[in-house]
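Comments concern the structure below.
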Amino acid sequence: EELCVGAFVNFALTVDMKDSSSYILLFETMKPLMNKEVYTKSGTLQESYKEYIKTLLTLSGESKEDAERNAQEFFELEKILAQNMLGEADAKNTDVSYNVLTYNKLVSMFVDFDMEKVLKGSHFQKADKVLVEDENLLRCFSELFNRTNFNAFKTALKIAVLNMWGETL
């Protein structure tokens, strides 16, 4: 309840890639903001991204020290997710990105929040099967999405809001 889970997980309805005459319930999780390689290869782009996050957090009112710590925690969270997500080519390959789970299996992967509330908030009805495009990312995310990582997810939410609304604030 303290963290807006809708910013991190989402249900949607999509055309079934294996049967274009029907729809399937899709479940998505938070993905890293940058390309996978930004997190896995040290260099100027990685340092620039970290600096951008620190600057964003500082401009939002965090002290320089808090912004530094929170930016690093957020980066490490995204790095773990990036290491576990499909590459661009595999993400576009339906043989790899078409993973159907039962709704009950999906629910069992998340222990720290009520999936029923998420589904209800999405205005969809429970379905027997749910499409997950990146099963490894889902598994990784479900393991990380807990109270231990609360601060990193709180920072992720702040960054999402700032990225969406920053220029109007």
Side-chain angles (χ1 to χ4, degrees), residues 1-12 14 26-92 97 99 106-107 109-124 130-169:
E1 291 179 16
E2 293 178 61
L3 196 60
C4 178
V5 295
F8 304 111
V9 296
N10 183 45
F11 283 101
T14 189
L26 171 69
F27 184 76
E28 300 173 301
T29 64
M30 170 187 164
K31 295 179 178 109
L33 296 175
M34 301 296 286
N35 179 304
K36 187 174 186 168
E37 287 71 33
V38 170
Y39 304 96
T40 57
K41 296 179 183 174
S42 298
T44 306
L45 189 55
Q46 187 179 96
E47 292 309 312
S48 296
Y49 179 58
K50 287 180 181 181
E51 190 60 37
Y52 167 74
I53 297 301
K54 282 190 287 189
T55 302
L56 210 56
L57 295 173
T58 302
L59 290 172
S60 76
E62 291 189 15
S63 69
K64 192 173 184 175
E65 296 78 22
D66 286 347
E68 177 88 33
R69 183 185 71 252
N70 290 336
Q72 188 59 40
E73 271 185 20
F74 172 72
F75 182 82
E76 291 303 320
L77 172 68
E78 283 200 318
K79 182 178 180 179
I80 293 167
L81 293 172
Q83 290 168 338
N84 286 280
M85 71 183 202
L86 293 173
E88 288 183 46
D90 284 337
K92 294 175 183 173
S97 64
N99 304 290
L106 177 66
V107 169
M109 296 175 77
F110 290 87
V111 294
D112 274 352
F113 70 92
D114 186 346
M115 188 66 76
E116 294 295 323
K117 285 184 181 178
V118 176
L119 182 64
K120 186 177 179 182
S122 299
H123 304 289
F124 293 111
V130 180
L131 176 65
V132 175
E133 294 177 327
D134 191 334
E135 196 169 1
N136 200 40
L137 177 63
L138 170 67
R139 192 171 292 109
C140 178
F141 180 86
S142 69
E143 291 168 5
L144 292 170
F145 197 71
N146 57 48
R147 297 221 176 262
T148 304
N149 297 309
F150 180 79
N151 194 58
F153 281 103
K154 191 167 104 176
T155 299
L157 182 59
K158 182 184 275 190
I159 290 167
V161 169
L162 291 169
N163 276 332
M164 286 187 293
W165 299 101
E167 64 185 47
T168 62
L169 296 175

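A quick note: this is a predicted structure, and the numbers were derived from the prediction, not measured.
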Stepwise side chain to side chain contact (heavy atoms under 4.5 Å, CB included) check, T29 with F145: CA-CA 10 Å; T29 64; F145 197 71; over 6 Å; no
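- A 4.5 Å side-chain heavy-atom check between L57 and I53 finds at least one atom pair inside the cut-off.
- At a threshold of 4.5 Å between non-hydrogen side-chain atoms, the residues M109 and L138 count as touching.
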Stepwise side chain to side chain contact (heavy atoms under 4.5 Å, CB included) test for N163 and I159: CA-CA 6 Å; N163 276 332; I159 290 167; 3.5 Å; yes
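- With rounding to the nearest 0.5 angstrom, the CG atom of L157 is 9.5 Å from the CG atom of L162.
- Rounded to the nearest 0.5 angstrom, K36 NZ and L81 CG are separated by 11.0 Å.
- Among residues at least two apart or in separate chains, salt bridge (Lys or Arg N to Asp or Glu O under 4.0 Å) pairs with a member in residues 57-67 are E62-K158, D66-R69.
- Under the rule for a ring pair (Phe, Tyr, Trp, His ring centres under 6.0 Å), F74 has no partner lying at least two apart in sequence or in another chain.
- Partners of M34 by side chain to side chain contact (heavy atoms under 4.5 Å, CB included), not counting sequence neighbours, listed by chain and number: V38, Y39, Y49.
- Under the side chain to side chain contact (heavy atoms under 4.5 Å, CB included) criterion, N84 pairs with I80, N136, C140, sequence neighbours left out.
- A distance of 11.0 Å separates CG of N149 from OG1 of T155, quoted to the nearest 0.5 Å.
- Once rounded to the nearest 0.5 Å, the distance linking CZ of R139 with CG of N99 reads 9.0 Å.
- Not counting sequence neighbours, the partners of N151 by the side-chain hydrogen bond (donor to acceptor under 3.5 Å, both in side chains) test are N70, E73.
- Residues F124 and A12 approach most closely at CE1-CA, 3.7 Å, considering heavy atoms.
- Here the side chains of L86 and S97 are in contact, with some heavy-atom distance below 4.5 Å.
- Within the 3.5 Å criterion, the main-chain N or O of L33 finds a donor-acceptor partner in the side chain of E78.
- Side chain to side chain, E76 and Q72 meet the donor-acceptor criterion of an N or O pair below 3.5 Å.
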Residue pair Q46, K41: steps toward the side chain to side chain contact (heavy atoms under 4.5 Å, CB included) verdict: CA-CA 7 Å; Q46 187 179 96; K41 296 179 183 174; 5.9 Å; no
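- Side-chain contact between L106 and M115: present, with at least one pair of heavy atoms (C-beta onward) separated by less than 4.5 Å.
- With D134 contributing its side chain and L137 its backbone, the two residues share a donor-acceptor pair below 3.5 Å.
- Between L77 and F153, some side-chain heavy-atom pair lies under the 4.5 Å cut-off.
- By the side-chain hydrogen bond (donor to acceptor under 3.5 Å, both in side chains) test, E143 is found to be paired with no residue, residues two or more places apart in sequence or in another chain being considered.
- With sequence neighbours left out, the salt bridge (Lys or Arg N to Asp or Glu O under 4.0 Å) criterion links E51 to K54.
- Checked against side chain to side chain contact (heavy atoms under 4.5 Å, CB included), E47 has the following partners two or more places apart in sequence or in another chain: K50.
- Residues passing the ring pair (Phe, Tyr, Trp, His ring centres under 6.0 Å) test with F27, sequence neighbours excluded: F11, F110.
- Here K31 contributes atom NZ and E133 contributes atom CD; the two are 6.0 Å apart, rounded to the nearest 0.5 Å.
- The salt bridge (Lys or Arg N to Asp or Glu O under 4.0 Å) search around E88 returns none, not counting sequence neighbours.
- Residues satisfying the side chain to side chain contact (heavy atoms under 4.5 Å, CB included) test with T14, not counting sequence neighbours, are I24, L26, L131.
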